[in-house]
Participant: 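Just passing along the structure, written as structure tokens.
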Amino acid sequence: MRHLGCIILAAGEGKRFKSKLPKPLHHLCGKPLIDHVLDCVSQLSCAPLVVVAAAGSTPMISHLQDRNVQTAIQDRRLGTGHAVGCAREQFADFDGPILVTCADVPLLRPQTMEALVEEHHRHGAAATLLTAVFDDPTGYGRIVRNDQGTVTAIVEHRDADEQIRRIHEINSGIYVFEGPALFEALNTLTPDNDQGEYYLTDVIARFVAQGQTVAALPAADPQEVLGVNTRAELARAEAIARDRIRARLMADGVTLLDPGSIFIDADVQIGRDTVIWPGAFILGNTIIGEDCQIGGHVFIENCQIGDGTRIRHCSVVRDSTVGRGVTIGPFAHVRDSSHIGDATRIGSFAEVVRTTLGQRCKDLHFSYLGDAIVGDEVNIGAGAVTCNYDGTRKHQTVIGEGAFVGSNSTIIAPLTIGPGAYLAGGSTINKDVPAEALAIGRARQENKEGYVRRLKRTNTGR
Ligand code: UD1
Ligand code: CA
């Protein structure tokens, strides 16, 4: 098959979004709309691959630099035809077919693009359109066909008369064009339409007039070509995309209880026989192993979680790695580059921040570990707190293997507690503790015999 180029249009104003952020950077299932399109197109290994961005759209241009794709700049928003023309230079030496698509069709699947390219070659066409039949085609360009069923033109909704508006077959905005014919036809466009823009869609009538072949492929699943022009359409596309993600995971052997209530982002991976309870959020670049239990209303973002781990109800785990056979929660909070070793247990109302916990540790009841490095098999008693912040800077606590931190210990960092050391319950610790020592940092208890009896006698005067 001939080599394929690609142009993605992303310089539109997104007027109907009423946003400060460029529309292609709005998120759908945890990643920008443009990334959905780029990820889809990457399956077809297009080169050159050029995204047309608006001049001065700094967030957009720097995002594209991060993604390492070529950009063409559109100085003024003069329409989709003008936008494609902005990529002319990048295709100067290219004489093959070019896939043209928009940044606002995030549901498109690579198979559909491949089918479109195949259709293009099968017909030896100058242009091949991806179309769809919509119950409500309002707002879309309509596909006009002659009596033989051949495409003759695309007419925009706002330029269409009553008769054309009754057509339900719409232009998806996704096309394959023969490169040289496309750029030649763009030279002939005029802005004589309701918006005063140079429409890419007018190229079609031009090709037909020249006697060139225009083919059209109706999308097998019309939902794939839904355009996102408003926030309501974004919500609709998001609902469809989330359904797809859940269906894929269930097909791969993940159990979802009440699937519709569970939010899982596009790039999340989950292993077989993991069970996810209602209301869970699993977001960002998260990878969850096999045989895990993810409780109700759990929030997990950008984490790696090993096999057989249980994250119990209402826990939050962010930007961290969690080993195998770990238990976290209910109501625990693990965050900011924490690392939890295999078979460690973190219980209710425990907060763990920028902390590494070894294997088989117990941190079971309301406690705070911040900026700590904790060895294997350490017991953190109820109410223990690392005082990591002096009001200006954060300091580290190191707790050696096998140490026992008594309940309600207050550990004033920076300091080191040696392996196997014991901290007596209720201690305030502000000095290093040697290995296997017992540290007691609290006032010694004194019992005053008979005190209460004497007190009562004094008060009643008897
Ligand atoms: C376009 C099509 C319409 C089709 C619909 C499908 C045209 C004239 N119309 O309409 O037939 O049914 O898509 O979703 O092409 N853009 C630029 N520069 C511009 C204008 C637009 O880069 O000057 C980009 C936008 O960022 C967007 C794409 O082109 O990604 C489409 O523009 P948009 O304004 O959304 O076109 P529609 O009105 O949806
Ligand atoms: Ca659009």
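Residue numbers count from 1 along this sequence. Order of listing sets the numbers, starting from 1, for every ligand and every atom in it.
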Participant: Is the backbone of Phe177 close enough, under 3.5 Å, to the side chain of Tyr175 for a donor and an acceptor to pair up by distance?
Facilitator: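 No, the answer is negative, given that no donor and acceptor are paired below the 3.5 Å cut-off.
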Participant: As a check for students: among Thr131, Leu200, Asn229, identify the option with a heavy atom nearest to atom 39 (O) of ligand 1.
Facilitator: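 Residue with the shortest heavy-atom distance to the ligand atom: Asn229.
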Participant: Looking only at distances, please establish whether an N/O atom of ligand 1 is found under 3.5 Å from an N/O atom of Thr80.
Facilitator: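 Between Thr80 and ligand 1, an N or O pair is found under 3.5 Å apart.
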Participant: Does the pair Arg122/Glu118 count as a salt bridge with the N-to-O cut at 4.0 Å?
Facilitator: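 Not counted as a salt bridge, because no side-chain N and carboxylate O are separated by less than 4.0 Å.
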Participant: What part of Pro24 sits under 4.0 Å from ligand 1 if we count only heavy atoms: the side chain, the backbone, both or neither?
Facilitator: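 Looking at Pro24 and ligand 1, no heavy atom falls under 4.0 Å.
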Participant: Is there a donor-acceptor contact under 3.5 Å from the side chain of Thr274 to the main chain of Asp291?
Facilitator: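 Side chain of Thr274 to backbone of Asp291: a pair is present.
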Participant: Check whether the side chains of Glu169 and Thr131 place a donor and an acceptor atom closer than 3.5 Å, and report yes or no.
Facilitator: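 Note: Glu169 and Thr131 side chains meet the donor-acceptor criterion.
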Participant: Counting only heavy atoms on the protein side, is anything nearer than 4.0 Å to atom 13 (O) of ligand 1?
Facilitator: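 It does not; no protein heavy atom is within 4.0 Å.
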Participant: Taking only heavy atoms of Ala83, which atoms of ligand 1 are found under 4.0 Å from at least one of them?
Facilitator: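 Counting atoms of ligand 1 from 1, those under 4.0 Å from Ala83 are 17 (C), 18 (N), 22 (O).
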Participant: Identify, by atom number and element, the atoms of ligand 1 in contact range of Gly141, meaning under 4.0 Å from any of its heavy atoms.
Facilitator: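 Counting from 1, the qualifying ligand atoms are 3 (C), 4 (C), 11 (O), 12 (O).
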Participant: Could you check whether Asp136 and His168, counting side-chain N and O atoms only, form a donor-acceptor pair closer than 3.5 Å?
Facilitator: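 There is no such pair (donor and acceptor under 3.5 Å, judged by atom type) between the side chains of His168 and Asp136.
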Participant: Got the closest protein heavy atom to atom 17 (C) of ligand 1, with its distance?
Facilitator: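 For atom 17 (C) of ligand 1, the nearest protein heavy atom comes out as Gly12 N, 3.3 Å.
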Participant: Which atoms of ligand 1 have any heavy atom of Ser172 under 4.0 Å away?
Facilitator: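 Per the distance check, 6 (C), 14 (O).
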Participant: Is a donor from one side chain sitting under 3.5 angstrom from an acceptor on the other, for His123 and Thr213?
Facilitator: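 No, Thr213 and His123 have no side-chain donor paired with an acceptor closer than 3.5 Å.
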Participant: Looking at ligand 1, would Arg16 count as a contact under a 4.0 Å heavy-atom criterion?
Facilitator: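 Right, Arg16 reaches ligand 1.
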Participant: Tell me the nearest of Met60, Lys23, Glu156 to atom 2 (C) of ligand 1, using heavy-atom distances.
Facilitator: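 Closest candidate by heavy-atom distance is Glu156.
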Participant: Which residue and non-hydrogen atom of the protein lie closest to atom 28 (C) of ligand 1, and at what distance in Å?
Facilitator: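 Heavy-atom neighbour on the protein nearest atom 28 (C) of ligand 1: Cys102 SG, 3.5 Å.
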Participant: Using a 6.0 Å cut-off, check whether atom CZ of Arg77 has over 12 heavy atoms from anything other than its own residue.
Facilitator: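 Above 12, so yes.
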Participant: Output yes when a side-chain donor or acceptor of Ser261 lies under 3.5 Å from a complementary backbone atom of Gly279, and no otherwise.
Facilitator: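 Confirmed, Ser261 side chain pairs with Gly279 backbone.
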Participant: With heavy atoms of Ala103 as the reference, note each atom of ligand 1 found under 4.0 Å away.
Facilitator: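 Listed by number with element: 30 (O).
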Participant: Whether the Asn187 and Arg88 side chains hold a donor-acceptor pair (N or O, under 3.5 Å, no angle test) is what I'd like checked.
Facilitator: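 Indeed, the side chains of Asn187 and Arg88 share at least one donor-acceptor pair under 3.5 Å.
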Participant: Is it the case that the side chain of Ser320 and the backbone of Val317 share a donor-acceptor pair, with hydrogens and angles ignored and the cut-off at 3.5 Å?
Facilitator: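 The answer is no, because no donor-acceptor pair under 3.5 Å joins these two groups.
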Participant: What protein heavy atom sits nearest atom 30 (O) of ligand 1, and how far off is it?
Facilitator: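 I find the closest protein heavy atom is Leu9 O, 2.8 Å.
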Participant: Please report which non-hydrogen protein atom sits nearest to atom 22 (O) of ligand 1, along with the residue it belongs to and the distance in Å to one decimal place.
Facilitator: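 So the nearest neighbour among protein heavy atoms is Ala11 N, 2.8 Å.
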Participant: Hey, does Ile170 sit under 4.0 Å from ligand 1 if you only count heavy atoms?
Facilitator: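 No heavy atom of Ile170 comes that close to ligand 1.
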Participant: Which ligand 1 atoms does Tyr199 reach within 4.0 Å, using its non-hydrogen atoms?
Facilitator: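 Atoms satisfying the 4.0 Å criterion: 8 (C).
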Participant: Of all the non-hydrogen atoms in the protein, which one sits nearest to atom 23 (O) of ligand 1, and at what distance?
Facilitator: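 Nearest neighbour among protein heavy atoms for atom 23 (O) of ligand 1, to 0.1 Å: Gly79 N, 2.9 Å.
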Participant: Taking the non-hydrogen atoms of Val52, is any one of them nearer than 4.0 angstrom to ligand 1?
Facilitator: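 Outside the 4.0 Å threshold, so no.
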Participant: Give yes or no for whether the N/O distance cutoff of 3.5 Å, strictly under, is met between Gly173 and ligand 1.
Facilitator: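 Between Gly173 and ligand 1, no N or O pair is found under 3.5 Å apart.
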Participant: Report the atom name of the nearest N/O/S atom of Asp104 relative to the Ca ion (ligand 2).
Facilitator: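 The Asp104 atom nearest to the Ca ion (ligand 2), restricting to N, O or S, is OD2.
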Participant: If we ignore hydrogens and angles and just use 3.5 Å, is the side chain of Arg142 paired with the main-chain N or O of Arg166 as donor and acceptor?
Facilitator: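 Judged by distance alone, no pair lies under 3.5 Å.
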Participant: What protein heavy atom sits nearest atom 4 (C) of ligand 1, and how far away is it?
Facilitator: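 For this ligand atom, the closest protein heavy atom is Asn171 O, 3.2 Å.
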Participant: So, Asn302 and Asp319: side-chain donor and acceptor under 3.5 Å apart, yes or no?
Facilitator: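 Looking only at side-chain atoms, Asp319 and Asn302 do form a donor-acceptor pair, the distance falling under 3.5 Å.
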Participant: Taking the minimum heavy-atom distance to atom 18 (N) of ligand 1, which of Gln74, Arg77, Glu13 ranks first?
Facilitator: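 Among Gln74, Arg77, Glu13, the closest heavy atom to atom 18 (N) of ligand 1 belongs to Gln74.
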Participant: Check this for me: Asp161, atom CG, are more than 12 non-hydrogen atoms of other residues, nucleotides or ligands nearer than 6.0 Å?
Facilitator: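 Result for CG/Asp161: enclosed.
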